[in-house]
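Here is the structure we will look at.
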Protein chains: 2
Amino acid sequence: MSVASELIRGNTETIILAQLMKGDGYGYMVNKAIFNLTGGKFELKEATLYTAFRRLEDAGCIVSYWGDETTGARRRYYSITDLGRESYRLRKKEWETAEAVIDKLLAEGEKGVSK
Amino acid sequence: MSVASELIRGNTETIILAQLMKGDGYGYMVNKAIFNLTGGKFELKEATLYTAFRRLEDAGCIVSYWGDETTGARRRYYSITDLGRESYRLRKKEWETAEAVIDKLLAEGEKGVSK
DNA sequence: AAGAGATACATTGACAGGCGAGGTATATAC
DNA sequence: GTATATACCTCGCCTGTCAATGTATCTCTT
């Protein structure tokens, strides 16, 4: 089953930060990594990807620099900042809280009606 | 920690359906049930609640009828349909898929950089 | 009797994130 | 030469959320 992007909403920035926690990367690469990690079940749309990078940079969570490619298309690399690392930790905790709450609420439907 | 409603987005209808799986209910009551179940960590805003009921009814997932209260404010009761039950099952599965994917992607950030 | 607070429903307009569609440019393979 | 992959970017629409506002009823306190 592929992933409903409705349900990913609000997590895209955290997902990107998680990738950058492992080291610098550029947009296209980050998205391919996500695609591969999920076995093709999910990938960010380009418009979503690049606007998320913009927001993260505006917020000071990441900084960017152009790669020195002598061949092929230019690449804009991103590096996570201390603020970004802190933000990643916080967002991950928030996700875990939300996850537990949703799990609990959706499980209510399994109780059925006793009559 | 309270729940970031950003992260609930896309699950409100499923949460409502889960409540109605247990039996008919009206808006205000459903929301109070959610509030109590989560220990006050989460409740739907009224505008969100009622627009979600509208969407569910338009989609044929629920049907509504006015209660016969002889006292107090009028209540609009909702009843889940077969389509609604089917929809609940599907949405729950979609949630579980999304949950696993997000868990995996966010865990990536724990790998750190090896240098 | 007046006022506050809880119950209960509903609508409007604004906002934010996601995304389809379109664009630019380089390199490789056939 | 043209198709495919890489790599970036922006505009405008869509959808779900929500603050604000409105209606009406009941109960409790003063």
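Because the structure is predicted, anything quoted here is derived from the model rather than measured. To find a chain, count down the sequence lines: A is the first, B the second, and so on, and within it residues start at 1.
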Inset, instruction - State whether A:T48 places a side-chain N or O below 4.0 Å from either non-bridging phosphate oxygen (OP1 or OP2) of C:dC19. - result: yes

Inset, instruction - Starting from the 5' end of DNA chain C, give me the residue, B:M29 or A:E43, whose nearest nucleotide shows up first. - result: B:M29

Legend entry - Below 4.0 Å: OP1/OP2 of D:dC8 and any side-chain N or O of A:Y26: no

Inset, instruction - Measure from CG on B:L44 to P on C:dA10 and round the result to the nearest Å. - result: 15 Å

Inset, instruction - Select from B:E6 and B:A47 the residue whose nearest nucleotide in DNA chain C is closer to the 5' end of that strand. - result: B:A47

Inset, instruction - Determine: side-chain N/O of A:R76 to OP1/OP2 of D:dT6, distance under 4.0 Å, yes or no. - result: no

Legend entry - Nucleotide C:dG18, atom P - distance to CG of A:L49 in whole Å: 11 Å

Inset, instruction - Round to a whole Å and report the spacing from CG of B:N31 to P of D:dT17. - result: 13 Å

Inset, instruction - Describe the nucleic acid contact of B:S5 in one word from base, sugar-phosphate, nothing, applying a heavy-atom distance below 4.0 Å. - result: sugar-phosphate

Legend entry - Within 6.0 angstrom of A:D58 CG, more than 12 heavy atoms from elsewhere: yes

Legend entry - Salt-bridge criterion met for A:K92 and A:E96 (N-O under 4.0 Å): yes

Legend entry - Side-chain H-bond candidate by donor/acceptor type, A:Y88 with B:E110, under 3.5 Å: yes

Legend entry - More than 12 heavy atoms from other groups under 6.0 Å of CD on B:E86: no

Inset, instruction - Answer yes or no: side-chain N or O of A:R9 and base N or O of C:dG17 forming a donor-acceptor pair under 3.5 Å. - result: yes

Legend entry - Centroid-centroid under 6.0 Å between B:Y78 and B:F53 rings: yes

Legend entry - CG on A:L56 to CG on A:L17, rounded to 0.5 Å: 5.0 Å

Inset, instruction - Please tell me which of the listed nucleotides, C:dA6, C:dA10, D:dT6, lies nearest to the side chain of A:R75? - result: D:dT6

Inset, instruction - Considering just the side-chain nitrogens and oxygens of B:Y50, establish if one lies under 4.0 Å of OP1 or OP2 belonging to C:dC9. - result: yes

Inset, instruction - For B:L7 and D:dT17, give me the distance from atom CG to atom C1', rounded to whole Å. - result: 13 Å

Inset, instruction - Quickly work out the A:R54 CZ to C:dA16 P distance and round it to whole Å. - result: 18 Å

Legend entry - Side-chain touch B:I62/B:T81, heavy atoms, less than 4.5 angstrom: no

Legend entry - B/S/- contact track for nucleotides 22-30 of chain C, protein heavy atom under 4.0 Å: ----SS---

Legend entry - Enclosure of B:N36 CG (heavy-atom neighbours >12, cutoff 6.0 Å): yes

Inset, instruction - Find the distance A:R55:CZ to C:dC15:C1' and express it as a whole number of Å. - result: 13 Å

Inset, instruction - Calculate the interatomic distance between B:F53 atom CZ and D:dT17 atom P; express it in whole Å. - result: 13 Å

Legend entry - D:dT17 phosphate, OP1 or OP2, under 4.0 Å from B:T51 side-chain N/O: no

Legend entry - Whole-Å gap separating P (D:dG16) and CD1 (B:I16): 12 Å

Legend entry - Options D:dC18, C:dC19, C:dC9, nucleotide nearest the side-chain atoms of A:K45: C:dC19

